[in-house]
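Below is one structure, written out as structure tokens; comments come after it.
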Amino acid sequence: MLQRREKLKKLRAMGINPYPYKFDRTHTTAEVLQNYTALENQTVRVAGRIMSRRHMGKAAFMHIQDMHGKIQIYLKKDVVGDRLFEVYRLLDIGDIIGVEGQVFKTRTGEITIQVQSFELLCKSLRPLPIVKEKIVDGKRIVYDPFSDKELRYRQRYVDLIVNPEVRQVFIKRSRIIATMRQFLDSRGYLEVETPILQPIYGGASARPFVTYHNALGMKFYLRIANELYLKRLIVGGFEGVYEFAKDFRNEGMDRFHNPEFTQMELYVAYRDYHWMMQFTEELISSVAREVLGTTRITFQGQEIDLTPPWRRLPLFEAIKEYTGMDLSEADEPQLREAAERLHVTVEDGWGAGKIIDEIFSEFVEPNLIQPTFIIDYPLEMSPLAKRHRENPRLVERFEPIIAGKEIGNAFSELNDPLDQRERFEQQMRLRELGDEEAQVLDEDFLRALEYGMPPTAGLGIGIDRLTMLLTDQPSIRDVLLFPAMRPEKEVAPENETENGDGE
RNA sequence: GAGCCCGUAGCUCAGCUAGGUAGAGCAGCGGCCUUUUAAGCCGUUGGUCGCAGGUUCGAUUCCUGCCGGGCUCACCA
């Protein structure tokens, strides 16, 4: 770093602004590489960050990288002249330059820009990790990888510069969201925004983050879901609304959980969960087709076929299939007994729903690799879902499960205000029994339902998990640009080089 | 929250389980090299071995605590 500051001074002494204002480029690196035949011997202007350098006396090869890739440039002293070559000598890996030159192929066949002139666009003061790579039989072998996960997450900017596959993941994430949005818009659904700061949190079972509004002198909660607000909008007469929502849940973190995460929630009037299942498999498979070009994907070594239709499997049938036990008629004591036989640990406060959920997640869920809709959940697990039309102990709910993990949640929405009130009251009783995740009664939401909400189907898709699936990433942190981390103690200021004037 | 593991130069790591104040490759710096590509060759700088204690004549190395991280488990999407 010291040396780089010295170089900076020398450049300034030469009358060069190391941080100029702009550079007009004619092509990106990828455009030059793709259009080589048309561009051969033509002059192009390309900009990027110096990623490697091979110096050879009075000439040098470098690779510069922009958002779309890397291209080699070749710089000769007798072409650029003494002064620019002097400037070149003061460049480092990590600096950003703009070059102008002719496109040609080297003896070894690599498309390269013969630099006529170049301009320093940004002097980099901090050395970048140098990742070396070699292409053997079309495969990229990486040497000295920048692989420390903590550093990669904390300094994602470095990760993005140095690891092209990381860049790809986030480009795909962006395209997944863009494609979903197009899909939803093309169906005429309205994208809306609802409060993140909520006086009463609801729509899911989870513990919230709490904050405080000074002027109002009251607590606010960061939303754990946006369900109840979106349903208010259905009451208001919008017949299809959706929101890509950052939600916040005050829970532990692991491979599948980050305290803030993104959900797409969609509500469509006059539809039920059967319709929503079809919609969901269409949505996901067409996103895959659009972003990956196929509905057959590989996730962590497993082949997964997202082509519709997906299997529909009632929850209790699934449990029966994987445990051999029919629990559809079991009451709570019987469920406890079943759990014990299956060696599933259950706690005293748990109700029937929770025990079933536990058995399901342990014995069934991990086995559901191919996309499956688990349908028809017990009533007590789903306080916002409508009672099953054939079985009053169940609700019309489904979760799409892929690669052993749920990536969403949906139901025929409960629109009977009296039933909804009872369900809330049931939740409040659970809360009093110590279940911190039980849902909170929302009087205004009930008031809205009392005005009348049409039959409605609702869906939530976990965007982070979907992205993991479609980009084959094992951890949620690999699909979040800035995953939650404890703060660093301090970022080293690195000021000690600057004392007095330069030499 | 619990268990296991990790924290040594800018990056990736070795040395530590036979305790005597550190090593490699890459990067950097100097030199040679005008089609190289993990460029090469010669030379060279660089580390309070995460932090704080303890044991010891002496600790990167052993012990304890703390901080940060990873993986697994528990809870949840």
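Convention: sequence-line order gives letters A, B, ...; per-chain numbering from 1.
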Worksheet item: Does any N or O donor sit under 3.5 Å from an N or O acceptor when you compare the side chain of Asp254(A) with the base of C75(B)?
Response: yes
Worksheet item: Do the side chain of Glu110(A) and the base of U36(B) come within less than 3.5 angstrom through a donor-acceptor pair of N or O atoms?
Response: no
Worksheet entry | Option among Val44(A), Asp66(A), Leu33(A) that satisfies the side-chain contact (heavy atoms from CB on, under 4.5 Å) test with Thr28(A) | Asp66(A)
Fill in: Working for ring pair (Phe, Tyr, Trp, His ring centres under 6.0 Å), residues Phe183(A) and Phe279(A)
CA-CA 10 Å; Phe183(A) 191 95; Phe279(A) 183 88; 5.5 Å; yes
What contact category does [X] fall into here, base, sugar-phosphate, or nothing, at under 4.0 angstrom with non-hydrogen atoms?
{"X": "Asn258(A)", "answer": "base"}
{"X": "Glu265(A)", "answer": "nothing"}
{"X": "Ser52(A)", "answer": "nothing"}
{"X": "Lys7(A)", "answer": "sugar-phosphate"}
{"X": "Asn409(A)", "answer": "nothing"}
{"X": "Asp78(A)", "answer": "base"}
{"X": "Arg255(A)", "answer": "sugar-phosphate"}

Item to complete: Please work out whether A18(B) sits syn or anti, treating a glycosidic angle within 90° of 0 as syn.
Response: syn
[N] versus [M] - spacing of their [atom1] atoms, nearest Å:
{"N": "C29(B)", "M": "U61(B)", "atom1": "P", "result": "34 Å"}
{"N": "A14(B)", "M": "A22(B)", "atom1": "C1'", "result": "11 Å"}
{"N": "G23(B)", "M": "G28(B)", "atom1": "P", "result": "23 Å"}
{"N": "G7(B)", "M": "G46(B)", "atom1": "P", "result": "25 Å"}
{"N": "G3(B)", "M": "U64(B)", "atom1": "P", "result": "13 Å"}
{"N": "U21(B)", "M": "G15(B)", "atom1": "C1'", "result": "14 Å"}
{"N": "A9(B)", "M": "U48(B)", "atom1": "C1'", "result": "13 Å"}

Fill in: Side-chain H-bond candidate by donor/acceptor type, His63(A) with Arg53(A), under 3.5 Å
no
Worksheet item: Have Glu265(A) and Tyr267(A) got a donor and an acceptor in their side chains that come within less than 3.5 Å?
Response: yes
Practice prompt. Kindly confirm whether the side-chain ring of Phe261(A) is stacked on the base of A77(B), judged by centres under 5.5 Å and planes under 30°.
Written response: yes
